[in-house]
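Reviewing the structure listed below.
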There are 2 protein chains.
Amino acid sequence: MVLEEFLPYRLNVLAGLTSSALAQIYAERYGLSIPAWRVIVTLGQYECRTARDMAPDGVMHKSTVSRAVAALEKRGLVKRRPNLDDRREEWLALTPQGRAIYEAVAPEALAVGERLLSVLTSQEQKTLSALIDKLTQQARLLAPQDAEGDEA
Amino acid sequence: MVLEEFLPYRLNVLAGLTSSALAQIYAERYGLSIPAWRVIVTLGQYECRTARDMAPDGVMHKSTVSRAVAALEKRGLVKRRPNLDDRREEWLALTPQGRAIYEAVAPEALAVGERLLSVLTSQEQKTLSALIDKLTQQARLLAPQDAEGDEA
DNA sequence: CCCCATTCGTTGCCTCTGCAACCAATAGCA
DNA sequence: TGCTATTGGTTGCAGAGGCAACGAATGGGG
């Protein structure tokens, strides 16, 4: 077998490289880990969520989310509020400072995504999106229950 | 921004899922880590390499390779032989036991790859391959020098 | 109403791995 | 030949994250 031609290998190389490119922004410039970055973005778009909703498809382990949220709370970027209807879970929301970071970092991240995609025609981008969806769906069937490997 | 539509995120999810699917084979069944698996495969195809050649494009950090090789040597799957022409580096090769594992695991891994790709037409597979190449090339430009995040 | 199963979230433990410092060997150059 | 720069590889250290066990809260029978 030729590793360099093996799809899972190539996907991992590509994913790793894009993660590195992104990390230059959210890690080096804002001190965010990948999980923290994902929490910020999710709360940025949904306003108010629980920790469980943060990993809807098992993309992040719940302990990973827990620690990311704890770190963000410590930095004053995220605020917790108990859910009185179900005191097992807590509502999460960005603080003004957290939102400020989101507002700053999201456009930069999107720009990186755009620069990545800029080598593809808009037709190719559509195609890629569809292919990724198909493969993801299939990979979900082949992977154990819900697991993932994570990273960026 | 919508995380679920963000290309780097989707690539990471997909790569993570495929890694999990593969790990079922090489990790659970053969006790190989991702780096160890890559070393085995590389030596399986090239017969004899140095540790440095194992990470040609900076996909794995050299310390990662070093530890993977050390572990494989300890298990008697890889053998080192000093390069007398340049005693900084060492030639690596699979032992018979190492090759046996390679012969066993490679077809299974390829089968997983096939099953992943089975949801795409052969035309789509070609297209995907080309798109991945384009994106990887571009990502290499955007990522810092040579870094990566690794995994599977 | 009680008991068991389930769910949300946290934490201890352990492994993995990136980074940087380091050693040994080599190469380049005067 | 000597002196410095570079390269292959290893290792100490620290951070990150998966796993599994746990505690707290809830839900679903009987």
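Numbers restart at 1 for each chain; the letters A, B, ... are given by sequence-line order, proteins then strands. Excluded from the calculations below are hydrogen atoms, water molecules and symmetry mates; all remaining heavy atoms, backbone and side chain alike, are included. Everything numeric here is computed off the predicted structure, so don't read it as measured data.
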* Asked: For the side chain of A:Arg80 and the backbone of A:Ala93, is there at least one donor-acceptor N/O pair under 3.5 Å apart?
  -> no

* To do: Counting heavy atoms from C-beta on, name the nucleotide in C:dT10, C:dG18, D:dG9 closest to the side chain of B:Thr64.
  => C:dG18

* To do: Write down the distance between CG (A:Asp53) and P (C:dT7), rounded to a whole number of angstrom.
  => 15 Å

* To do: Mind calculating the distance between NZ (B:Lys74) and C1' (D:dT10) to the nearest angstrom?
  => 15 Å

* Asked: From the list D:dC19, C:dC8, D:dG17, which nucleotide is the closest neighbour of the side chain of A:Lys62?
  -> C:dC8

* Asked: Between the base of D:dG18 and the side chain of A:Arg67, is there any donor-acceptor pair under 3.5 Å?
  -> yes

* Asked: With a 4.0 Å cut-off on heavy atoms, is B:Thr50 in touch with a base, just the backbone sugar-phosphate, or nothing at all?
  -> sugar-phosphate

* To do: Starting from P on D:dG8, measure out to CE on B:Met60 and report it in whole angstrom.
  => 15 Å

* For residues B:Asn12 and A:Ser19, is any side-chain donor paired with an opposing acceptor at under 3.5 Å? -> yes

Every protein N/O within reach of nucleotides 24-29 of chain C N/O, cut-off under 3.5 Å:
from: C:dT26; atom 1: OP1; to: B:Arg87; atom 2: N; distance (Å): 3.1

* With no hydrogens and no angle check, do the side chains of A:Arg67 and A:Ser33 hold a donor and an acceptor under 3.5 Å apart? -> no

* Structure fact -> Picking from D:dG17, D:dT11, C:dG9, the nucleotide nearest the side-chain atoms of A:Glu89 would be C:dG9

* Residues A:Lys134 and B:Glu124 bridged, charged N to O under 4.0 Å -> yes

* Rounded off to whole Å, could you give me the CE-to-P distance for the A:Met54 and C:dT10 pair? => 11 Å

* **Atom-pair distance (CD on A:Glu73; C1' on C:dG9), nearest Å** => 13 Å

* Exam field: side chain A:Ser118 to backbone A:Arg115, donor-acceptor pair closer than 3.5 Å -> yes

* Structure fact -> A:Trp91 atom CH2 is separated from C:dC8 atom C1', nearest whole Å, by 13 Å

Enumerate donor-acceptor pairs with a distance under 3.5 Å from any side-chain N or O in residues 99-108 of chain B to protein atoms, sequence neighbours excluded.
from: B:Arg99; atom 1: NH2; to: B:Glu47; atom 2: OE1; distance (Å): 3.4
from: B:Tyr102; atom 1: OH; to: A:Met1; atom 2: N; distance (Å): 3.1
from: B:Glu108; atom 1: OE1; to: B:Arg29; atom 2: NH1; distance (Å): 3.2
from: B:Glu108; atom 1: OE1; to: B:Arg29; atom 2: NH2; distance (Å): 2.5
from: B:Glu108; atom 1: OE2; to: B:Arg29; atom 2: NH2; distance (Å): 3.1
from: B:Glu108; atom 1: OE2; to: B:Tyr30; atom 2: OH; distance (Å): 3.1

* **Spacing between B:Leu92 atom CG and D:dT10 atom C1', to the nearest angstrom** => 14 Å

* How close or far is atom P of C:dC14 from atom NE2 of A:His61, stated in whole angstroms? -> 17 Å

* Who passes side chain to side chain donor-acceptor pair (under 3.5 Å) against A:Gln97, sequence neighbours left out? -> A:Thr95

